[in-house]
Amino acid sequence: MIRPFFVLSAILSLAAAGGYAQSSGEATYKAKCMVCHGAAGLADTGVGVAWKIKPVTSPAVKTFTEAAMIDATKNGMGKMQAFKDKLTDAEIRSSVAYFRTLIK
Ligand code: HEC
């Protein structure tokens, strides 16, 4: 039997160990954002469901400009912590850019 949590943590540690973690928005997203916002941005995670985080399919998320998203990620929003002391500006920008690719 495949244990999904084990597979997920294996993927997460691969992403963290990858040398490209700094430059790739996708790697940063998977390491720092996916736990809440979900792999496809649908917030279909334990935290996402518990906190009722809005999925990228939500009209409210679609109205966010890229600058507003960068601001929310830097300074925090609702229950989301501020990332400005945890990630570089470049990491914030690239992970937001990746998040935006999930908006359909
Ligand atoms: C601990 C959970 C958590 C983590 C980790 C997290 N977020 Fe959030 N995020 C939230 C919550 C809660 C909100 C508040 C709005 C909502 O419910 O969607 C939010 C809102 C946002 C928004 C505003 C638009 C929206 O979806 O509502 C953006 C953009 C965003 N997050 C991006 C990120 C990025 C990029 C990362 C990784 C660097 C990240 N988040 C990590 C919980 C989280």
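Note that ligands are numbered from 1 as they come in the structure, with each ligand's atoms numbered from 1 the same way. Sequential numbering from 1 along the given sequence is applied to the chain's residues. All of these numbers come straight from a predicted model, not from anything done at the bench.
- Salt-bridge formation is not detected for the pair Asp89/Lys84: no Lys NZ or Arg NE/NH1/NH2 atom is positioned less than 4.0 Å from an Asp or Glu carboxylate oxygen.
- When atom types are taken as modelled, the side chain of Ser58 and the backbone of Lys54 share no donor-acceptor pair closer than 3.5 angstrom.
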Using a cut-off of under 3.5 Å, which N/O atoms of ligand 1 pair up with protein N/O atoms, and what distance separates each pair?
from     : atom 1 : to    : atom 2 : distance (Å)
ligand 1 : 7 (N)  : His37 : NE2    : 2.8
ligand 1 : 9 (N)  : His37 : NE2    : 2.8
ligand 1 : 17 (O) : Lys54 : N      : 3.4
ligand 1 : 18 (O) : Lys54 : N      : 3.0
ligand 1 : 31 (N) : His37 : NE2    : 2.8
ligand 1 : 40 (N) : His37 : NE2    : 2.8

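- In this structure, Lys62 contributes its side chain and Lys104 its backbone to a donor-acceptor pair below 3.5 Å.
- For the pair Thr45 and Met34, the tightest heavy-atom approach, listed with the atom from each and the gap, is CG2-O, 3.4 Å.
- Residues Arg100 and Thr65 share a closest heavy-atom pair of NH1-C, 3.4 Å.
- Relative orientation of the Phe99 and His37 rings is perpendicular, given thresholds of 30° and 60° on the angle between their planes.
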